[in-house]
Amino acid sequence: MSAALTSESSPRIGGVNFTTAPCRYGAVLVATNDQGICDIHLGTSHDELTESYLRSAKGVVNSVDGDKRPPWLADVLKLAEDPMYTLDYPLDIQGTPFQTAVWEALCNVPTGQTTTYGALANAIGKPAAIRAVGAACGANRLALAIPCHRALRKGSGPLNYRWGKKIKQQILVAEAAWVFGPR
């Protein structure tokens, strides 16, 4: 995760710029605002991601198209290829203090490993908040940068991922291969 974090109360100046690109998991949508990368969404197609993003947008949203990839998109694509890569761009993390605590705990889970919602609840000092931890994972708008794909329900496989079960499985397999296999 990037070192620069801001809260949901950050002033929003201007609009959001976004673009999509193919990636190893299908397609990725990356959006930035004046504070940094504010959204990284995964899906199966450019059109699906764009339509979904535009429906959920709460302000001015500008699509960035063209032959030249914005550097922030290129940075996220590097992260998709190399799970050990550290983003060069700041993240504009928009969440409650509880969500942010969960997301920070997720960033401490090593690449190639998984954890449970219960273990995350314990890690943030809220052992009874297992369902709330699951909800915080589902609220994450920064796929890959905040590795919610590493969180599992106790006794379950890779279910309940905002971007889909298939994509979650692909990411977990890719991370395990990166860490434990020959490159």
Side-chain angles (χ1 to χ4, degrees), residues 1-8 21 23-31 36-44 49 52 72-73 75-183:
M1 179 166 58
S2 175
L5 307 180
T6 60
S7 72
E8 66 179 344
C23 76
R24 72 184 299 166
Y25 306 116
V28 64
L29 178 144
V30 181
I37 296 172
C38 56
D39 288 286
I40 302 171
H41 296 196
L42 299 171
T44 57
L49 286 171
S52 174
W72 36 268
L73 172 63
D75 206 38
V76 171
L77 290 172
K78 288 179 194 172
L79 178 62
E81 290 302 317
D82 176 357
M84 304 296 280
Y85 180 74
T86 301
L87 292 173
D88 286 334
Y89 284 82
L91 298 176
D92 180 19
I93 297 178
Q94 301 172 39
T96 66
F98 178 85
Q99 290 170 330
T100 302
V102 170
W103 300 335
E104 287 174 358
L106 274 163
C107 290
N108 292 324
V109 176
T111 303
Q113 296 183 26
T114 59
T115 190
T116 64
Y117 296 152
L120 288 168
N122 286 329
I124 64 168
K126 306 271 187 193
I130 296 169
R131 291 182 71 134
V133 166
C137 290
N140 174 28
R141 299 178 61 89
L142 292 160
L144 303 174
I146 297 176
C148 287
H149 56 274
R150 296 182 190 151
L152 307 174
R153 287 187 312 189
K154 187 175 182 181
S156 296
L159 302 173
N160 298 337
Y161 187 55
R162 181 178 184 160
W163 316 113
K165 179 180 178 178
K166 182 179 177 184
I167 291 174
K168 182 172 185 165
Q169 289 174 320
Q170 290 175 331
I171 296 169
L172 291 173
V173 167
E175 283 190 356
W178 182 268
V179 172
F180 300 111
R183 289 193 289 276

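Everything numeric in this text was worked out from a predicted model, so none of it was measured.
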Got a second to check how far [X]'s [atom1] is from [Y]'s [atom2], nearest 0.5 Å?
X    : Y    : atom1 : atom2 : value
L144 : L42  : CG    : CG    : 5.0 Å
Y117 : L152 : OH    : CG    : 7.5 Å
N108 : R150 : CG    : CZ    : 10.0 Å
L79  : T86  : CG    : OG1   : 8.5 Å
L172 : T111 : CG    : OG1   : 11.0 Å
L142 : D39  : CG    : CG    : 6.5 Å

Does a side-chain heavy-atom distance below 4.5 Å link [X] with [Y]?
X    : Y    : answer
Y85  : D75  : yes
L87  : V76  : yes
E81  : R24  : yes
C137 : Y161 : no
R141 : R162 : yes
W163 : I171 : no

Qualifying residue for side-chain hydrogen bond (donor to acceptor under 3.5 Å, both in side chains) with H149, from E175, Q169, K168: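 With H149 as partner, side-chain hydrogen bond (donor to acceptor under 3.5 Å, both in side chains) holds for just one option, E175.
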Check each of T96, N140, I146, I124 against V102 using the side-chain contact (heavy atoms from CB on, under 4.5 Å) test, and report the only one that passes. I124
So, for [X] and [Y], which heavy atoms are closest and what is the spacing to 0.1 Å?
X    : Y    : value
C148 : W103 : SG-CD1, 4.1 Å
V30  : W72  : O-CZ3, 3.3 Å
A174 : Y25  : CB-OH, 3.5 Å
T100 : G95  : OG1-O, 3.9 Å
A145 : C107 : O-SG, 4.1 Å
A21  : L73  : CB-CD2, 3.9 Å

With a 3.5 Å cut-off and no angle check, do the side chains of Y89 and D92 form a donor-acceptor pair? no
